[in-house]
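To find a chain, count down the sequence lines: A is the first, B the second, and so on, and within it residues start at 1. Keep in mind that what you see is a predicted model, and the values were worked out from it rather than measured.
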Number of protein chains: 2
Amino acid sequence: MVRFAKRLDLLDSSDIGDLLRLIARPDIISFAGGLPAPELFPVEALKQAGLAVMEEMGTIACQYSSTEGLPQLREKIVERMAVKNNIHATPEQVLITSGSQQGLDFAARVFIDKGDVILVESPSYLGAINAFKACEPTFIEVPTDDGGMVMEELEKVLATTENVKMIYVIPDFQNPTGRTWSLERRTKFMEIVNKYEVPVIEDNPYGELRFENDTMPALKSLDTKGVVVYLGTLSKIMVPGFRLGWVCAKDEILSKFNTMKQGADLQTSTLTQLQANKYMDMNNLDEHVNKIREVYKHRRDVMMKAMKEYFPKEAKFTYPDGGLFTWVELPDYIDTKEMALQCLEKKVAYVPGGSFFPNGGKNNCFRMNYSCMSDEKIIEGVKALAEVIQANLK
Amino acid sequence: MVRFAKRLDLLDSSDIGDLLRLIARPDIISFAGGLPAPELFPVEALKQAGLAVMEEMGTIACQYSSTEGLPQLREKIVERMAVKNNIHATPEQVLITSGSQQGLDFAARVFIDKGDVILVESPSYLGAINAFKACEPTFIEVPTDDGGMVMEELEKVLATTENVKMIYVIPDFQNPTGRTWSLERRTKFMEIVNKYEVPVIEDNPYGELRFENDTMPALKSLDTKGVVVYLGTLSKIMVPGFRLGWVCAKDEILSKFNTMKQGADLQTSTLTQLQANKYMDMNNLDEHVNKIREVYKHRRDVMMKAMKEYFPKEAKFTYPDGGLFTWVELPDYIDTKEMALQCLEKKVAYVPGGSFFPNGGKNNCFRMNYSCMSDEKIIEGVKALAEVIQANLK
């Protein structure tokens with residue numbers, strides 16, 4: 001009898017996977033994904049970049065390269081973090097990963113022994129929760145409100161809990177809620193984590209996709225003690241199919257991530273690193289990001305307008321300043337997982353909210369994505385959804 | 001105080017890493033690596049493949065794709081395994097990984113809880129041992145001889161050990177020894193593991209690089225109970241910088257690997273998968289592999305001839321039928337880690353053998369690679385090495 005490791009017991013609940021497969025049908029208007037809009041990919045420019053790489057350094061692109069990642073790409077990332085996030089790091093403090101998902105996996109493996117405590121926002125990113133589960137942690141969910149994680153609650157948990165080994169947060173346009181932490185929360189947060197010296201995983205895939213209002217400083221930019229591990233990615237601002245993300249942390253912590261990377265897959269693809277790097281040499285990435293921002297802002301507007309118009313007043317939803325998602329909360333008595341099946345009949349889909357709470361229990365919410373669809377589909381989908389919600393109200 | 005997970009305690013001995021960095025100096029003749037010969041990379045053909053992919057399906061190449069890997073690439077791999085290894089699988093039994101190193105990492109995470117036993121050949125691949133250590137296993141080394149793992153010893157261990165959760169083997173041109181298991185050993189091995197129903201990780205990165213004699217059947221081709229997890233890779237027959245490997249296992253086991261992949265990095269690069277797939281559409285991979293085989297065979301011959309000529313008779317070494325490595329055993333009283341420093345002064349390098357024994361202790365061996373160097377360098381390096389060995393003999 002083949003016996004599997006115990007960590008898999010926690011990971012095998014695949015009902016969300018089953019649902020996601022169901023809604024991949026082409027006739028479904030799916031607000032469930034989190035995909036970048038494919039029509040915005042800089043295909044021609046990336047093609048030229050690939051061509052240039054193979055012509056100028058084809059042999060290097062084909063060969064193994066260093067575990068840490070290509071120096072020239074790490075330098076560009078350092079420059080970008082300085083300009084966009086006011087983070088001042090050296091290339092030696094950056095590890096290139098296969099998407100920031102790999103940074104999440106490594107974070108748990110670097111900090112978490114079985115039973116150790118991870119604090120997360122309640123709700124938090126499903127993919128992070130699942131990656132963390134492979135290290136068999138205990139999750140404590142810290143309550144959130146429109147301004148982000150509630151600091152009084154965080155402090156209470158830290159003051160009374162042993163073995164808090166890391167705190168995972170998405171302060172900008174959070175997945176799934178679309179919310180952004182206020183400046184006050186950020187300052188207070190750093191004060192608290194500096195006091196307790198708990199490592200913080202700051203996941204920032206959407207930060208550059210801000211539609212309005214001021215950019216908030218990254219937690220990492222306020223980090224005086226080196227406790228923040230910053231995760232970035234090119235997936236949402238350039239191209240997800242290349243699988244390029246990064247971890248930025250102070251040397252002692254980053255060296256542990258490098259050790260994990262070595263064992264996990266030796267290195268990220270030499271080709272995709274060189275091609276992305278060349279793209280940035282040959283093009284103005286900022287201009288491209290502006291284009292994405294404009295389109296997503298418009299779609300956010302279309303979705304918000306439709307939801308205001310068609311959703312019953314019992315449905316509360318967030319108004320994101322950027323990113324890809326809004327979060328809908330229905331009356332307690334509605335189970336959005338059951339409702340998802342009714343929505344399927346109306347050919348519209350979302351991700352039921354339950355999976356975003358690691359300890360379970362809150363089933364009256366769902367996540368909606370607006371980045372990946374035409375205006376007409378958004379309106380049509382919101383209308384259909386509104387009807388189903390209406391039918392479920394008591 | 002930031003506290004790290006305990007698994008890192010096992011992984012932090014980086015003296016081998018320090019040594020490898022030292023010998024990366026360009027003035028050193030290094031037999032230490034395991035790199036494919038860069039002058040053989042099909043750069044032009046891969047460039048054309050990349051161009052075709054971006055022109056025909058650029059948007060798809062840029063987007064996220066499925067965790068399991070692209071169906072068309074998995075189909076090609078299934079066909080290739082059928083022809084080359086007599087393995088009959090379906091595309092659904094294949095997961096594309098970021099190199100076969102990722103398959104090693106997943107194997108441990110799928111099967112190993114802390115303290116569980118992994119059986120390995122003694123010696124075994126350093127990178128596998130390190131990947132496995134992240135799951136905090138106990139290693140038992142099974143003795144080997146020129147015909148591979150010694151079956152009587154394997155049987156003894158299995159009969160007397162609890163919690164053997166997997167057996168890791170490289171039956172073809174093993175890393176580090178270059179040895180290949182005999183047919184009798186393979187048959188006997190499958191008999192034994194079928195009896196005990198222990199999962200087997202068959203790592204086969206070099207199988208297609210056979211220089212002479214008959215191909216041996218893959219263990220997976222003799223697997224009647226579905227206990228063998230087969231790891232393959234394009235790194236040694238096409239291109240390592242794309243990071244493309246695969247896991248082939250029966251459905252129940254593979255689904256666990258898919259779960260790990262989802263959490264670890266969502267998926268392998270869409271672009272590199274499509275580009276490798278297109279390369280295989282546009283070119284004859286077999287012809288390319290023949291070319292590699294010819295060059296490596298020649299270099300093996302040059303190295304063997306030089307070692308026979310210059311090495312003192314006290315140095316025993318293996319004669320590989322294929323692959324990238326030979327393994328040298330010196331008298332017990334010579335410590336090859338200390339000797340490596342003397343070699344550095346003579347500007348020649350190898351990997352000291354100690355790191356290939358997970359439980360330590362055998363320090364009179366070293367591994368040499370011949371795939372990546374000119375005839376002249378091979379001869380010059382072997383001469384220099386011979387002098388150092390001679391000087392260390394009592």
Residues, nucleotides or ligands: over 12 heavy atoms within 6.0 Å of B:Leu51 CG: yes

CG/A:Leu35: more than 12 non-hydrogen atoms of other groups inside 6.0 Å: yes

Spatial distance of atom CG (B:Asp265) from atom CG (A:Asp265) [nearest 0.5 Å]: 6.5 Å

Rounded distance [0.5 Å steps], CG in B:Asp105 versus CG in A:Leu266: 10.5 Å

B:Phe111, part contacting chain A, at a heavy-atom distance under 4.5 Å: both

Under 4.5 Å from any heavy atom of chain A - which part of B:Leu271: both

List the atom of [X], the atom of [Y], and the distance in Å for their closest heavy-atom pair.
| X | Y | answer |
| --- | --- | --- |
| B:Pro199 | A:Val2 | CG-CG1, 3.8 Å |
| A:Gly263 | B:Ala131 | O-CB, 3.6 Å |
| A:Val239 | B:Cys62 | CG2-O, 3.3 Å |
| B:Pro38 | A:Thr59 | CB-CG2, 3.4 Å |
| A:Gln63 | B:Pro240 | OE1-CG, 3.4 Å |
| B:Val110 | A:Leu8 | O-CD1, 3.4 Å |

Identify which of [options] forms the greatest number of heavy-atom pairs closer than 4.5 Å to chain A.
| options | value |
| --- | --- |
| B:Pro36, B:Gly99, B:Ala134, B:Gly58 | B:Pro36 |
| B:Gly226, B:Gly127, B:Ser98, B:Ser100 | B:Ser98 |
| B:Arg243, B:Arg109, B:Lys165 | B:Arg109 |
| B:Glu39, B:Glu55, B:Lys47 | B:Lys47 |

Taking side chain as everything from C-beta outward and backbone as N, CA, C, O, which of these in [X] sits under 4.5 Å from a heavy atom of chain B? Side chain, backbone, both or neither.
| X | result |
| --- | --- |
| A:Asn163 | both |
| A:Phe242 | both |
| A:Ser65 | neither |
| A:Val164 | backbone |
| A:Met260 | side chain |
| A:Thr268 | backbone |
| A:Ile112 | backbone |
| A:Ala128 | neither |
| A:Ile253 | both |

Given the options [options], which has more heavy-atom pairs under 4.5 Å with chain B than any of the others?
| options | value |
| --- | --- |
| A:Glu252, A:Met166, A:Met238 | A:Glu252 |
| A:Glu44, A:Lys225, A:Gln262, A:Gln101 | A:Gln101 |
| A:Glu136, A:Lys114, A:Glu197, A:Gln273 | A:Glu197 |

A:Arg3 and B:Asp113 ion-paired at < 4.0 Å: no

